[in-house]
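Reviewing the structure listed below.
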Amino acid sequence: MAESGTLDSDVRSEPRPWRVRALALVAALGAWWLVYTHLVGFARWLTSTAFGLTEGTRMAGAVEFFVFEVPKVILLLVLVVFGVGIVRSFFTPERTRSLLAGRLEVVGNVLAAGLGVVTPFCSCSAVPLFIGFVEAGVPLGVTFSFLIAAPMVNEVAVVLLCGLVGWRVAALYVAAGLSVAIVSGWTIGRLKLERHVEGWVYEIRSAGDAGDGQQLTFAGRIDYGLEQVRTIVGKVWPFIVAGIAVGAGIHGYVPEGALASVMGKGAWWSVPAAVVLGVPMYSNAAGIVPVIQALLGKGAALGTALAFMMSVIALSLPEMIILRKVLKPRLIGAFVAIVAFGIAVVGFLFNAIM
Amino acid sequence: MKVTVYGPGCANCTKLEAAAREAVKQLGIEAEVTKVTDVAEIAKAGVLLTPALAIDGQMVLRGKVADVSEVMSLITSAMDGS
């Protein structure tokens, strides 16, 4: 090929030396810190001086809440998504699969849930991933632990919960999400449901590990982190702005305790009701956390609110339709029932002890 | 030359397909761009994270949306290698 040589030199750009990246990274982190620490003053200045609102009024309270929370949460998100992106660049699905293949139950379930958090995952490739895992000898229950944890426990949920509700609730959510993934996966494994996976899945012989992917350099990992920021923050910021706008309105105008009788601790049936309502619904973490914050603010019990959030994120009608390609109805039913039951238990538990 | 995009039809997969078509056009080479959307076929190719890109059956990209210039450089280096 005579042409390829000339094309090559045109297209490929010289990789920048890693020192430049490191310096740029340090400068960016410094700028981030400077902006983050000045947000409170900026929000106050914007509200009272630039908008001319009188301090102490409802309107001023709502506006200040909004112009402080939106940049705060987005800044936190940028930093955390970047950090998690760097971590993720070390965990490819192929690597996770080989770590999980042939694992015994319990240990395998715990490992799968943990890896589900750090391995890059996209719900649209849930089915190829499921087939790839099962084919490589990852036990069915362990595969499910991964598939439950991966979408439910992620950095977007954690940052939003931390930023809008508080780090204690965020920590509880992570612990509860991992527990549900571990126990549900383990239960599915115990029930020996392998024959309810569509038969053709076991007959697939894939091309194997089609190359081990690219070995990333330091600069490559930073690029990967930046790309994650672009994709993830680019996708969720409208939800955050809208959610916080609604939250700001609620903060200023809706009376506290308005929901206490329906979603409070006293109403025991509110937990199963929240799960039944949440299962068919689908939203990502960015859309649901502001709602959770609003529910909590109006008197909903923590267990009920978290059960609602988990069932919305972890289970959904579109996901079941996608999984129907590889799972027979009975296994889908068992999967939904077990996970929903686990989420309800978590809800009751939190309502009882908090 | 055969360029294959693997993806069941999510937004990212469509983006990668568009980038692949544009890259082939800009390079002005004879190449057939195909898209595999069937999940069983995607799994058979050994793809765990979509979207993925293969050039002449060789997987060069997985779980990543590459832009036009990146796909172009992947194609040219595949041409060098062959």
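Just so it is clear: chains get the letters A, B, ... in the order the sequence lines come, proteins before strands, and each one is counted from 1.
Options A:Gly132, A:Ser125, A:Ala136 differ in how many heavy-atom pairs under 4.5 Å they form with chain B, and the most are formed by A:Ser125. Looking only at heavy-atom pairs under 4.5 Å with chain A, the residue among B:Pro51, B:Ala52, B:Ala40 that has the most is B:Ala40.
In this structure, A:Phe239 places its CZ atom where only 12 or fewer heavy-atom neighbours from other residues, nucleotides or ligands lie under 6.0 Å away. Counting non-hydrogen atoms of neighbouring residues, nucleotides and ligands closer than 6.0 angstrom, the CZ atom of A:Arg330 reaches no more than 12 such neighbours.
Rounding to the nearest 0.5 Å gives a distance of 9.5 Å between CD1 of A:Ile131 and NZ of B:Lys44. Here the OG1-CG distance, from A:Thr96 to B:Leu49, works out to 10.5 Å after rounding to the nearest 0.5 Å. Note that OG1 of A:Thr231 is 7.0 Å distant from NZ of B:Lys15, once rounded to the nearest 0.5 Å.
Scanning all heavy atoms of the two residues, the minimum distance from B:Leu48 to A:Pro128 falls at CD2-O, 3.9 Å.
If you measure heavy-atom distances from A:Phe121 to chain B, the contacts under 4.5 Å come from the backbone alone. In this structure, chain A has a heavy atom under 4.5 Å from the side chain of B:Asp38, while its backbone stays farther away. With a 4.5 angstrom heavy-atom cutoff, B:Ala54 does not touch chain A via any of its atoms.
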